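Bear in mind the structure is a predicted one, so any value in this text is a computation, not a measurement. For ligands, and for the atoms within them, numbers begin at 1 and follow the listed sequence. In this chain, numbering begins with 1 at the start of the sequence shown.
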Amino acid sequence: MKNIVLFGPPGAGKGTQATLLKEKYSLIHISTGDVFRYNIKNETELGLLAKKYMDEGDLVPDEVTINMLKAEVNKNAGANGFIFDGFPRTESQAIALDAFLEEKGEKINGMVALEVSEDLLVARLLERGKTSGRTDDTDESKIRNRFNEYNTKTAVLKDYYQAQGNYYGADGVGSIEDITNRLADVFDKL
Ligand code: AMP
């Protein structure tokens, strides 16, 4: 199996690139943000819980997120591998993911990070908010809070995967196609 964590700050293009790369490598794309949004739309218990955090740009609690992620992986037994998009976002999530995969005799092959500066991203997110229908993309203070969450809780995961010799950075600025090609060069090696 090829299991890849696609990493990067909000708005870096993880979702766009994961959609293209999952086809190329026949992988299952799991976006925890998309799963939460699906649950919000369908007014499930999980959706109601997640909504109050997401609306503020806060992270959903680890336990809830980890259980949801495990269920999504288990739904896809027999997969060729996974692209994890938006997960893990905290060190506890990364530890839980490693332990969960190890139980299955699997591992993360690499964290592939889209590197883009924060100023460019805020502008991109506000632009996306005009068409995406995502309420967390329309209010600059909520966007700033998502970066705050990223910088205080998520950015440390670079060190976590680097310590395993598993971190690969890619320049996230340029055309969608150029970025896909850069990421594919890394995926090919994993
Ligand atoms: P995203 O679609 O990845 O930008 O995620 C949107 C929102 O969903 C985030 O701002 C969080 O509130 C929530 N979320 C998504 N993934 C996670 C995660 N791994 N841990 C905690 N919260 C998450």
Side-chain angles (χ1 to χ4, degrees), residues 3-22 28-75 82-101 108 111-116 118 120-158 160-161 172 179 183:
N3 297 311
I4 294 173
V5 173
L6 191 58
F7 191 66
K14 300 184 292 293
T16 304
Q17 293 298 335
T19 304
L20 296 165
L21 291 161
K22 74 169 183 191
I28 303 286
H29 170 207
I30 300 181
S31 156
T32 42
D34 283 351
V35 179
F36 285 135
R37 281 183 287 276
Y38 176 85
N39 278 276
I40 291 172
K41 201 168 143 217
N42 289 289
E43 298 180 348
T44 67
E45 203 176 316
L46 175 64
L48 289 175
L49 188 146
K51 187 174 171 15
K52 43 180 205 280
Y53 296 96
M54 290 175 74
D55 278 351
E56 296 306 316
D58 291 334
L59 292 184
V60 178
D62 280 337
E63 204 194 329
V64 176
T65 308
I66 291 166
N67 286 337
M68 182 269 266
L69 187 279
K70 288 182 179 174
E72 290 298 312
V73 170
N74 287 336
K75 271 186 210 165
F82 294 87
I83 300 177
F84 297 105
D85 160 10
F87 186 96
R89 261 181 160 95
T90 63
E91 193 160 331
S92 322
Q93 292 181 12
I95 293 168
L97 179 61
D98 277 348
F100 175 61
L101 291 176
I108 291 295
M111 163 182 269
V112 186
L114 281 167
E115 296 171 338
V116 190
E118 187 168 317
L120 198 66
L121 291 174
V122 174
R124 259 197 213 175
L125 285 171
L126 286 167
E127 198 53 40
R128 180 170 85 182
K130 290 181 190 163
T131 53
S132 69
R134 282 185 56 170
T135 49
D136 59 346
D137 282 347
T138 45
D139 179 336
E140 185 160 347
S141 70
K142 288 178 186 168
I143 292 176
R144 294 276 173 204
N145 189 40
R146 281 157 69 202
F147 281 102
N148 185 42
E149 291 281 76
Y150 179 80
N151 290 325
T152 55
K153 297 177 183 162
T154 308
V156 292
L157 293 180
K158 175 175 177 178
Y160 181 90
Y161 287 95
I179 298 168
L183 294 172

Query raised in the report: Would you call Asp58 and Lys153 a salt bridge, taking side-chain N to carboxylate O under 4.0 Å as the test?
Result: no

Requested in this report: May I ask you to decide whether Glu43 forms a salt bridge with Lys51, counting only side-chain N to carboxylate O separations under 4.0 Å?
Outcome: no

Query raised in the report: Where is the tightest heavy-atom contact between Ile179 and Gly172, given as atom of each residue plus distance?
Result: CD1-O, 3.2 Å

**Report entry** Exam field: side chain Lys22 to backbone Ile83, donor-acceptor pair closer than 3.5 Å
**Finding:** no

Query raised in the report: Taking atom CD1 of Ile143 and atom OG1 of Thr138, what is their separation to the nearest 0.5 Å?
Result: 7.0 Å

Query raised in the report: Heavy atoms under 4.0 Å from ligand 1: which residues qualify?
Result: Thr32, Gly33, Phe36, Arg37, Met54, Asp58, Leu59, Val60, Thr65, Gly86, Phe87, Arg89, Gln93, Arg134, Asp136, Arg146

**Report entry** For Phe7, all residues meeting ring-ring contact (aromatic ring centres under 6.0 Å, His included), sequence neighbours excluded
**Finding:** Tyr150

